[in-house]
Amino acid sequence: MKYRNKFLHCSGLLQDHLKTDINEIFEIIGAIKWQPEFIFERSGNDNLKLQTAYNERFKTELENRGWETQPKLSEKPRLIGDFRKNLVFGEIQFGNSATLYRDFYKFQYGVQNGLVYLNVLITPVSPAKFFHTLCNLAEFYARHFGSHRSLT
């Protein structure tokens, strides 16, 4: 699996301190086979496809490594992420580009309130390769804002 990473406003000291958690995220990305017709098989005949399948596969991989999924940063305003471990908080965004605004708000809220030290955004580098209906705005945000993991 090819991927690209970019650290913004993140010191080498912080990266070193959170190296174990950061490397687990790289391992998870590497454990997933990336393909245009991705299907995640669950028990029974309840198979998931595309974005839903990738989200569920990430959830499974994260939980297997001890990450909290659907962590709450705040009740009011209601802010729930995709994953958290220690002081690393993350979002996985393969869907609606408008939700990227909310993701960045959660990142800002978490840092300003001392709840997280490192935010991770996982997005496709070339969303059209995976999800033909995904707006190019997601690609723009993935390339230009925030600490993130980008998939190719």
Distance in Å, Q108 CD paired with N113 CG, rounded so as to fall on 0.5 Å steps: 10.0 Å
So, E61 versus W67: side-chain donor-acceptor pair below 3.5 Å or not? no
Hey, are K85 and E24 close enough for a salt bridge, meaning a charged N less than 4.0 Å from a carboxylate O? yes
Identify, with sequence neighbours excluded, every residue that meets ring-ring contact (aromatic ring centres under 6.0 Å, His included) alongside F89. none
Pair Q93, T123: side-chain N/O donor-acceptor within cut-off below 3.5 Å: no
Correct closest heavy-atom pair for E63 and T69 would be OE2-OG1, 2.7 Å
Once rounded to the nearest 0.5 Å, what's the spacing between atom CG of L18 and atom CG of L13? 9.5 Å
Hey, could you give me the CZ/CD1 distance between R65 and I25, rounded to the nearest 0.5 Å? 10.5 Å
Measure the shortest side-chain to side-chain distance between L118 and V111 over non-hydrogen atoms and say whether it is less than 4.5 angstrom. no
One should read off an interatomic distance between R84 CZ and E68 CD, to the nearest 0.5 angstrom, of 4.5 Å
Shortest non-hydrogen contact between L121 and D103, atoms and distance: CD1-OD2, 4.0 Å
Hey, are the side chains of V88 and N119 touching, using non-hydrogen atoms and a 4.5 Å cut-off? no
Looking at R78 and K72, would you say the former's side chain and the latter's main chain have a donor-acceptor pair under 3.5 Å? no
Would you say the side chain of F58 lies within less than 4.5 Å of the side chain of I29, judging by non-hydrogen atoms? yes
Grouping I, L, V, M, F, W and Y whenever their side-chain heavy atoms are under 4.5 Å apart, do I80 and F107 come out in a common cluster? no
For residues Y117 and N86, determine if any side-chain heavy atom of one lies less than 4.5 Å from a side-chain heavy atom of the other. no
Kindly compute the distance separating OH (Y105) from CD (Q112), expressed to the nearest 0.5 Å. 8.5 Å
Check the pair I122, D82 against side chain to side chain contact (heavy atoms under 4.5 Å, CB included), reporting the backbone distance first and the verdict last. CA-CA 10 Å; I122 299 174; D82 288 326; over 6 Å; no
Residues L62, I92; criterion side chain to side chain contact (heavy atoms under 4.5 Å, CB included); working and verdict: CA-CA 12 Å; L62 289 159; I92 301 165; 4.3 Å; yes
Can you tell me how far the CD1 atom of I22 sits from the NE2 atom of H17, to the nearest 0.5 Å? 10.0 Å
